[in-house]
Novice: 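Before I ask anything, let me first share the structure, which is written out below as structure tokens.
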Amino acid sequence: QVQLVESGGGLVQAGGSLRLSCAASGRTFSSYAMGWFRQAPGKEREFVAAINWSGRSSYYADSVKGRFAISRDNAKKTVYLQMNSLEPEDTAVYYCAATYTTGVPATFSGYAYWGQGTQVTVSS
């Protein structure tokens with residue numbers, strides 16, 4: 001079992017930056033691929049970024065490529081999402097997810113564990 005707790009969300013102006021954190025419980029964090037998803041009001045949850053167990057492989061949605069960066073610290077059992085050049089379209093609840101795999105899943109069904117989410121609001 002893995003429990004995930006996100007933090008770092010908030011209100012920011014367009015062009016600004018935020019860093020989200022996701023703290024995980026459990027002894028085998030380093031064995032899990034981690035992902036970030038987001039869900040805007042009235043829309044389906046969508047993939048944002050994912051990183052493999054070692055941190056050496058990552059994958060991004062086209063909409064955030066070049067602006068967001070995912071990283072992890074296995075010693076701290078934490079995954080991060082650095083978000084730069086934020087746009088109003090990035091406004092959503094951001095969710096952290098985990099799954100036991102060596103790959104880098106980019107789909108909702110690819111993840112077994114989910115956090116409660118943290119709100120990110122970007123004003124224009």
Side-chain angles (χ1 to χ4, degrees):
Q1 277 281 19
V2 177
Q3 292 185 326
L4 305 171
V5 178
E6 302 96 334
S7 62
L11 174 64
V12 64
Q13 287 189 329
S17 298
L18 280 176
R19 188 176 82 154
L20 305 183
S21 299
C22 174
S25 66
R27 294 180 296 174
T28 57
F29 174 77
S30 61
S31 299
Y32 286 79
M34 302 295 296
W36 286 98
F37 288 72
R38 66 187 182 186
Q39 188 166 17
K43 294 187 177 181
E44 294 186 350
R45 194 170 299 190
E46 65 173 2
F47 170 76
V48 175
I51 191 167
N52 78 330
W53 66 274
S54 68
R56 294 192 182 98
S57 180
S58 58
Y59 183 66
Y60 296 90
D62 287 344
S63 58
V64 306
K65 203 172 294 183
R67 300 188 298 123
F68 291 11
I70 189 170
S71 62
R72 67 189 295 161
D73 186 333
N74 286 344
K76 295 183 178 179
K77 297 182 181 180
T78 301
V79 64
Y80 305 97
L81 185 68
Q82 178 66 45
M83 305 186 295
N84 300 325
S85 302
L86 282 162
E87 304 167 352
E89 293 74 23
D90 296 316
T91 295
V93 177
Y94 282 71
Y95 296 90
C96 175
T99 194
Y100 185 68
T101 181
T102 57
V104 189
T107 60
F108 178 87
S109 60
Y111 289 86
Y113 304 101
W114 293 85
Q116 293 299 308
T118 185
Q119 176 71 47
V120 171
T121 303
V122 184
S123 63
S124 57

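Just so it is clear, the model here is predicted, and its values are computed rather than measured. Start at 1 with the first residue, then count along the sequence.
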Novice: Once you round to the nearest 0.5 Å, how far does CD of Gln116 lie from CD of Gln3?
Specialist: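 If we round to the nearest 0.5 Å, Gln116:CD and Gln3:CD are 10.0 Å apart.
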Novice: Would you check if Arg38 and Val120 make a side-chain contact, meaning some heavy-atom pair closer than 4.5 Å?
Specialist: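 With C-beta onward as the side chain, the pair stays apart.
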Novice: Under the side-chain hydrogen bond (donor to acceptor under 3.5 Å, both in side chains) rule, what pairs show up with a residue in residues 6-24, not counting sequence neighbours?
Specialist: Ser17-Asn84
Novice: What residue pairs, at least two apart or across chains, pass disulfide (SG to SG under 2.5 Å) with a residue in residues 25-55?
Specialist: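 Every pair satisfying disulfide (SG to SG under 2.5 Å) with a residue in residues 25-55: there are none.
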Novice: Spell out, as yes or no, whether a donor-acceptor pair under 3.5 Å connects the side chain of Asn74 to the backbone of Trp53.
Specialist: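 Flag set: sc Asn74 to bb Trp53 pair under 3.5 Å.
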Novice: What distance separates Ser58 OG from Asn52 CG, expressed to the nearest 0.5 Å?
Specialist: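 Ser58 atom OG to Asn52 atom CG measures 8.0 Å (nearest 0.5 Å).
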Novice: To check you understand the geometry: which heavy-atom pair defines the closest contact between Val2 and Ala24, and what is its length?
Specialist: CG1-CB, 4.2 Å
Novice: Is the cationic atom of Arg72 (NZ for Lys, CZ for Arg) positioned less than 6.0 Å from the six-membered ring centroid of Tyr80 and within 45 degrees of its normal?
Specialist: no
Novice: Any side-chain heavy atom of Tyr60 within less than 4.5 Å of one from Arg67?
Specialist: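 No, too far: nothing below the 4.5 Å cut-off.
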Novice: Please step through side chain to side chain contact (heavy atoms under 4.5 Å, CB included) for the pair Leu4 and Trp114, ending with a clear verdict.
Specialist: CA-CA 6 Å; Leu4 305 171; Trp114 293 85; 5.6 Å; no
Novice: Per the side-chain contact (heavy atoms from CB on, under 4.5 Å) rule, which among Val64, Asp90, Leu20 passes with Val48?
Specialist: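 So the option named by the test is Val64.
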Novice: Applying ring-ring contact (aromatic ring centres under 6.0 Å, His included), run through Phe37 and Phe47 and close with a yes or a no.
Specialist: CA-CA 4 Å; Phe37 288 72; Phe47 170 76; 5.6 Å; yes
Novice: Does any part of the side chain of Trp36, heavy atoms only, come nearer than 4.5 Å to the side chain of Val79, both counted from C-beta?
Specialist: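 In contact.
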Novice: Give the minimum heavy-atom separation between Pro105 and Ala33, together with the two atoms involved.
Specialist: CD-CB, 3.9 Å
Novice: Do Leu81 and Val12 share a hydrophobic cluster (ILVMFWY, side-chain heavy atoms under 4.5 Å, transitive)?
Specialist: yes
Novice: Does some side-chain heavy atom of Phe29 sit less than 4.5 Å from a side-chain heavy atom of Lys76?
Specialist: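 The answer is no, as the side chains (C-beta and beyond) never meet within the 4.5 Å cut-off.
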Novice: Considering non-hydrogen atoms only, spot the tightest contact between Ala92 and Ala40 and give its length.
Specialist: CB-N, 3.8 Å
Novice: Could you walk me through whether Tyr94 and Gln39 pass side chain to side chain contact (heavy atoms under 4.5 Å, CB included), step by step?
Specialist: CA-CA 7 Å; Tyr94 282 71; Gln39 188 166 17; over 6 Å; no
Novice: To the nearest 0.5 angstrom, please state how far the CG atom of Asp73 sits from the OG atom of Ser30.
Specialist: 11.5 Å
Novice: Can you tell me how far OG1 of Thr28 sits from NZ of Lys77, rounded to the nearest 0.5 angstrom?
Specialist: 8.0 Å
Novice: Decide whether Met83 and Tyr95 are clustered together by the hydrophobic rule: side chain heavy atoms of Ile, Leu, Val, Met, Phe, Trp, Tyr closer than 4.5 Å, transitively.
Specialist: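 No; tracing contacts between hydrophobic side chains, which count when under 4.5 Å, never links both residues.
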Novice: Answer yes or no: is there a side-chain heavy-atom contact under 4.5 Å between Val93 and Thr118?
Specialist: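 A side-chain contact under 4.5 Å is absent here.
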Novice: Any side-chain heavy atom of Thr99 within less than 4.5 Å of one from Tyr113?
Specialist: no
Novice: Got a sec, which residues hit side-chain hydrogen bond (donor to acceptor under 3.5 Å, both in side chains) with Glu89, two or more places apart in sequence or on another chain?
Specialist: none
Novice: Tell me, do Tyr100 and Tyr111 make a side-chain contact under 4.5 Å, heavy atoms counted?
Specialist: no
Novice: Determine the minimum heavy-atom distance between Ser57 and Val104, stating which atoms define it.
Specialist: OG-CG2, 3.6 Å
